[in-house]
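For reference, the structure discussed in these notes is given below.
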Amino acid sequence: MFAARNKGRLALGAVAVGASLALAGCASGDPLAPDSEGGSGESNETIVVGSQAYYSNEIIAEIYAQALENAGFDVEREFQIGQRDAYLPALENGEVDLFPEYTGNLLQFYDAETTATTSDEVYAELADALPENLTVLDQSPATDQDSYNVTADFAEENDVESIADLAGIEGLTLGGNAELAERPYGPSGLESVYGVTVDFQATGDTTVEALTEGTIEIANVYSADPRIQTQDLVTLDDPEGLFLASNVVPLVNAEIADDIADVINEVSAALTPEGLVALNVQSTEDELSSEDIATQWLEENGFSE
Amino acid sequence: MNLFTEAIDWIFSAERFQGYNPLGLRLGEHLWFTFLSLLLAAAIAIPLGYLIGHTGKGRNLAVGISGAARALPSFGLIVLLVLIVGVTRAPAAAVISFVLLAIPSILAGAYSGLEAIDRRVIDSARAMGMTEWQILWKVEIPLGLPLLIGGLRSGALQIVATATLAAYIGLGGLGIYIFEGLPLRDYPQMLGSAILIAALALLLDALFAILQQFVVPRGVTAGRVRDDRATSTRRRAVAGTPAE
Amino acid sequence: MNWVWNNLDLIGELTLEHIRLSIPPILLGFLISIPLGFLAYRFKLTRGLLLTVAGLLYTIPSLALFVILPPIIGVSYLSEVNITIALTIYAVAIMARSVADALGSVDPAVRQSATAVGFSSWRRFWQVEFPLAGPVILAGLRVASVSTVSLVTVGIFIGIESLGYLFTNGLQRRIFAEVLTGVVMTVIVALLIDAILVLIGRLLMPWTNPGTRRSANRTATQLPLAQGGGAR
């Protein structure tokens, strides 16, 4: 959004210039110049923390931000930046310094052809795949990755524990975000890796409900989604490694990586898979702001004072 | 410009009719949502609009509500209704919001169509001994048709546009290609489907434009020439609007 | 309603962001529409052409336009310039027509009198025709501004943050109050900008104030309604 914000100022500037042109008949183009440069300068004190437009990601970013503030850093927040296309360039040019990421999905962005699947493989490959001025700190044990889920009833009736057990069952429909249709771990991957044939339905943000209502039999849900527990879903094992492991990992500007490594690595180590789910529950069930959730978590885990 | 040729290739690729998103199905969904909602909205808005236009009562209220309704963000409305009626009944939620969005334009088309009629024409009809129903059916409705069709036209375009966003809540339609293309960074697909959506909207618009010409009663076109000579500016402004 | 109290900061920030995104298209649209509307009013040939093109552009659904525009104007899909230009196009499509209609609705007798007392055509335009057309132009501007505020929310799909964030985030978290807040705040922003425009109109055109207002007001409200603005 920072990129967006600068351009916004540009647009506003353009209006101002346009207006002054129209009214006074004179114009000087230069007031814009310093502005567009403003964001990319390397300030050694303030750390700019970014986050995706995904509530869970924002909570982690807020935890990073508060942990750094507690350690005496100046922090600026640039949260809820839509997609990787938008924020990765901003990290690469130094407008954002620190960003909570997910190892598997990030690796896939830089290397769509990757064959790594386990958490360690993915982490190792990621270090090579990143652009030069970006690096990752320690990965957290917490994961938030794509996973295939069925209802408890379905699992019992069909005696299913792993994706492989789905082979041979007729008339299955897989639901998930629209782009899953084209992902390597989507319907085509199910077929080639496990011999499971499915139909596909783009259920988007309504995937879990579609599953519990029986419109679809298999749902792609992020593994840290609290509804896996609250809706009594069964996450299917993935023995063949269809999905890339995706641990929470701080993506940082290489220049400041060493300065903040101590603080952030400690946070990453303390963030467990269950802990991440609990954070998400506080957001969806208790409707707390990410700020409050982060403060509470840092206190509970002994980071404050 | 290379992207445009890729987008055109995407549209005409044989794969468009295969896979999980066959074009025929998605186009069908888009049209189905549009026509169903337009029909429902018309069934509500036209009688109401005629009532307002014929009696002249409730006009300010209608103008006020229509004005406020225009400020409603259509996607927000869909999401809101999805959460109200339940995520599993998303199609119903979408249809309700399309109907709500289309009502203001159709309502305005219906009552302003009646209002635009020269009072003297209606007075003459009454003087000839027509009943109120006859006045409505034989005079007001035929004369008001062009503006009514204009209202239906903007209502339909509004729905086509909003139906594009419905793919976000899993309802299919042509928007699904954009929502699939965004995370995959498949720009030819996004551009190709956007071109299709724009073409659909333009085609629909053209159909309504033709219909609008078609329904102008013959007597009115003859009358309009004579009317032009008169200085009534208001009449001219109204006669000019339908051909948007 | 927990959500609202826990997120007042966020609501405030997004509202400001939304206003910031809404204003440039409204202003630019207004500035561009005046010369275009004038051309459409003055020359028969340009009128048909301009109004047809405006009508066609207005027909294109916003999400589609957000996607079609970047390769044409050469900016990134995720750039804010993209939606500023797209929304300016919609604003011009609405307003160019009302400017043309507004100028057309000026009584020819007044125009002739101005010429007769020696106004040059430039002065006549700015001192007679434009002010008299003001109320109808303002009505068009109001439709355009309400529609712009509502359309800004669609930008969230291409990563441009506004109150539209509350729709997608609220759906993710299934928080009804969050989505409702988004809708309500968008309407409030629209009405706020509308009220400001009305106020500016009163200040600049004191002769349209209550009393003398009735007849102008009626055509003013009627035109945009028949035209059918609103969100695409």
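Naming convention: chains lettered A, B, ... in sequence-line order (proteins, then strands); numbering from 1 in each chain.
- Neither the backbone nor the side chain of C/Ile188 comes within less than 4.5 Å of any heavy atom of chain B.
- The two atoms that bring B/Gly172 and B/Glu29 nearest to each other are CA-OE1, 3.3 Å, heavy atoms only.
- The candidate with the highest count of non-hydrogen atom pairs below 4.5 Å against chain C, out of B/Leu77, B/Ile178, B/Thr164, is B/Ile178.
- Residue B/Leu80 touches chain C through both its backbone and its side chain, counting heavy-atom pairs closer than 4.5 Å.
- Among residues two or more places apart in sequence or in another chain, the side-chain hydrogen bond (donor to acceptor under 3.5 Å, both in side chains) test is passed with C/Arg174 by A/Glu209.
- Residue C/Ala190 touches chain B through its side chain alone, counting heavy-atom pairs closer than 4.5 Å.
- Residue C/Val183 touches chain B through both its backbone and its side chain, counting heavy-atom pairs closer than 4.5 Å.
- You'll find the side chain of C/Ile156 stays beyond 4.5 Å of the side chain of C/Ile160, heavy atoms only.
- By the 4.0 Å N-to-carboxylate-O rule, B/Asp9 lies too far from B/Arg16 to be salt-bridged with it.
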Should C/Arg20 and C/Glu80 be marked as a salt bridge (charged side-chain N to carboxylate O under 4.0 Å, His left out) after you check the CA-CA gap, both sets of side-chain angles, and the distance that decides it? CA-CA 11 Å; C/Arg20 193 184 62 71; C/Glu80 194 177 296; 3.3 Å; yes
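- When each of B/Leu200, B/Ile169, B/Leu83 is checked for heavy-atom pairs under 4.5 Å with chain C, B/Leu83 comes out on top.
- When heavy atoms are compared at a cutoff of 4.5 Å, C/Thr168 approaches chain B by way of both its backbone and its side chain.
- In this structure B/Glu180 satisfies the side-chain hydrogen bond (donor to acceptor under 3.5 Å, both in side chains) test together with B/Asn21, B/Gln189, sequence neighbours excluded.
- When heavy atoms are compared at a cutoff of 4.5 Å, B/Leu204 does not approach chain C at all.
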